[in-house]
Amino acid sequence: MSSEREISDTDAKKETGGGRGRGMKILIGCIVLFIVIIAAAILTLSVATISPWQDAAYPYTTSYAVSFPEGEPVNIGTTRFVALSYQDEMVADVDGNREKLVIGEERRFAERRVRVTTLGFTIIETNFQILMKYKGARDNRAYFDLTVKTEKQVPEFLVKRLLPPAVDARPI
């Protein structure tokens, strides 16, 4: 009778150990799947600027101290921006629309709508409006105070992900 008990105890230990190993494999598989989904979401993140919806209100405002490389085109989503300065003046070219600014002058750019998608799903779509105050140029960079007004709140991590590396933006 004692040999039967020993066999059943040994079998029980094997089953328990096997259950832990299987559970660990499932946990690792779930973690790997989660990492793959996150990587795919980041890699498929896209931004498009489109015509705005009419009569939008802008209850959300965020301000940044921003610098752009002078004379180099910078794409933010599908919007192309180029800053060229000469002495105390700067010409900002936004999608072919040129605006001349002097130091301290503020300019309001036309309303636009942004649509951010990932994995084929729209994660945010909102109207926005940009106000820029030219601060000057130094070291081949144009400096601005930038105020972004939006219809919906946009998460900070998403804003940082949308800006190209050439743009230095710091919340103020």
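Counting begins at 1 with the first residue of the sequence.
- E105 and R107 are joined by a salt bridge, as a carboxylate oxygen and a charged side-chain nitrogen come within less than 4.0 angstrom of each other.
- With a 4.5 Å cut-off on side-chain heavy atoms, I38 and V36 do not count as touching.
- By the criterion of side-chain heavy atoms lying less than 4.5 angstrom apart, applied directly or through intervening Ile, Leu, Val, Met, Phe, Trp or Tyr residues, V94 is grouped together with V66 in one hydrophobic cluster.
- Taking the charged nitrogens against the carboxylate oxygens, R113 and E125 do have a contact shorter than 4.0 Å, which makes a salt bridge.
- Under a cut-off of 6.0 angstrom, the local environment of CD in Q54 is sparse, with at most 12 non-hydrogen atoms contributed by other residues, nucleotides or ligands.
- Note on residues 36-68: pairs passing ring pair (Phe, Tyr, Trp, His ring centres under 6.0 Å), not counting sequence neighbours, are F68-F81, F68-F144.
- Between D95 and R112, at least one side-chain N (NZ, or NE/NH1/NH2) sits under 4.0 Å from a carboxylate O, which counts as a salt bridge.
- Neither side chain, T150 nor T126, offers a donor N or O lying under 3.5 Å from an acceptor on the other.
- Checking side-chain atoms of E89 against main-chain N and O of L101 turns up no donor-acceptor pair under 3.5 Å.
- Side-chain contact check for L45 versus V116: some heavy-atom pair is nearer than 4.5 Å.
- N97 is not listed as a side-chain neighbour of D93, based on a closest heavy-atom distance of 4.5 Å or more.
- Identified under the side-chain hydrogen bond (donor to acceptor under 3.5 Å, both in side chains) test for residues 26-45, with sequence neighbours left out: T44-T118.
- The two residues I124 and P155 come nearest to each other via the heavy atoms CD1-CD, 4.4 Å.
- Closest approach of E70 and A142 over heavy atoms only: CG-N, 4.1 Å.
- Note: the hydrophobic cluster containing M90 also contains V74 (ILVMFWY, side chain heavy atoms under 4.5 Å, direct or indirect links).
- A 6.0 Å sphere centred on CG of D168 holds more than 12 heavy atoms belonging to other residues, nucleotides or ligands.
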